[in-house]
Amino acid sequence: MNYSSITIQKEDVQDFQMLHGYKDWQEHPNYKQAFAFVHYLIQDTGKDKLLEFCSQLGEKESYEDFCKKFKDNFGEDLNDYKQKWIQEF
């Protein structure tokens with residue numbers, strides 16, 4: 001998958017739970033994955049939908065709460081949506 005100069009391969013995709021919190025991100029930073037996923041999300045659902053979702057998040061949202069809010073906002077389970085995104089590679 002190529003977004004301008006950003007390329008990510010299936011084998012480079014990490015479990016989102018590993019990227020969730022500040023400490024997790026410090027141990028497993030994956031800017032390419034974050035950029036590519038958000039780009040896909042915007043293309044698929046629109047920028048306004050993403051901004052609405054972001055406005056609902058707390059500062060220290062648990063991964064479980066994040067997943068619930070993702071499903072409430074986008075109508076799909078985060079892991080199912082991630083698999084749909086990966087199929088686009």
Side-chain angles (χ1 to χ4, degrees):
M1 178 170 281
N2 186 330
Y3 296 109
S4 303
S5 63
I6 302 293
T7 303
I8 187 167
Q9 303 298 320
K10 288 180 184 181
E11 58 271 7
D12 296 329
V13 175
Q14 296 173 318
D15 183 348
F16 284 132
Q17 192 165 4
M18 291 176 58
L19 307 173
H20 180 70
Y22 177 78
K23 182 180 175 194
D24 302 322
W25 186 261
Q26 295 302 311
E27 293 175 7
H28 309 281
N30 195 331
Y31 292 96
K32 284 189 203 180
Q33 178 175 328
F35 175 84
F37 184 77
V38 169
H39 185 274
Y40 177 79
L41 189 60
I42 290 170
Q43 295 298 317
D44 190 46
T45 66
K47 182 176 73 171
D48 291 339
K49 191 79 169 162
L50 176 63
L51 293 174
E52 178 184 330
F53 171 66
C54 289
S55 73
Q56 297 169 6
L57 298 176
E59 185 176 320
K60 295 190 177 184
E61 215 53 57
S62 73
Y63 183 72
E64 292 77 19
D65 287 343
F66 180 88
C67 290
K68 181 183 180 324
K69 288 181 180 180
F70 186 93
K71 186 169 187 170
D72 291 347
N73 196 69
F74 297 106
E76 292 187 57
D77 177 81
L78 177 60
N79 288 317
D80 292 342
Y81 195 83
K82 181 180 97 174
Q83 291 306 313
K84 183 172 89 170
W85 166 61
I86 290 171
Q87 295 306 311
E88 296 286 323
F89 290 13

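Remember, predicted model here, so these are calculated numbers, not experimental data. When reading the values below, keep in mind they use all heavy atoms of this one structure, side chains included, and skip hydrogens, waters and symmetry mates.
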Assigning hydrophobic clusters by single linkage (Ile, Leu, Val, Met, Phe, Trp, Tyr; side-chain heavy-atom cutoff under 4.5 Å), is Y31 placed with V38? yes

Any F53 side-chain heavy atom under 4.5 Å of T45 side chain: no

Qualifying residues under ring pair (Phe, Tyr, Trp, His ring centres under 6.0 Å), relative to F16, sequence neighbours excluded: F37

For D65, the side-chain hydrogen bond (donor to acceptor under 3.5 Å, both in side chains) test, sequence neighbours excluded, returns S62

Aromatic ring proximity Y63/F70, centre distance under 6.0 Å: no

Is I86 reachable from I42 through a run of hydrophobic residues whose side-chain heavy atoms are each under 4.5 Å from the next? yes

Could you note down all residue pairs passing salt bridge (Lys or Arg N to Asp or Glu O under 4.0 Å) where residues 33-50 supplies at least one of them, sequence neighbours left out? D44-K84

Please give me the minimum heavy-atom distance between K82 and D15, naming the atom from each residue. NZ-CA, 3.9 Å

Could I get the full list of side-chain hydrogen bond (donor to acceptor under 3.5 Å, both in side chains) partners for E61, not counting sequence neighbours? K69

Sequence neighbours left out, what passes side chain to side chain contact (heavy atoms under 4.5 Å, CB included) with K23? Give chain and number order. E27

Hey, does the side chain of D77 reach the backbone of D80 with a donor-acceptor pair shorter than 3.5 angstrom? yes

Just do the side chain to side chain contact (heavy atoms under 4.5 Å, CB included) check on N73 and Q56 with the steps written out, would you? CA-CA 9 Å; N73 196 69; Q56 297 169 6; 3.6 Å; yes

Take F35 and Y40, measure what side chain to side chain contact (heavy atoms under 4.5 Å, CB included) needs, and give me the verdict at the end. CA-CA 9 Å; F35 175 84; Y40 177 79; over 6 Å; no

Heavy-atom side-chain contact between L78 and K71 under 4.5 Å: no

What is the minimum heavy-atom distance between L19 and Q33, and which atoms define it? CD1-NE2, 3.5 Å

List in chain and number order the residues that pass side-chain hydrogen bond (donor to acceptor under 3.5 Å, both in side chains) with Q14, two or more places apart in sequence or in another chain; answer none if no residue qualifies. N30

Nearest-0.5 Å distance that lies between atom CG in N79 and atom CD in Q17: 8.5 Å

Rounded at 0.5 Å granularity, tell me how far NZ in K10 sits from CD in E88. 10.5 Å

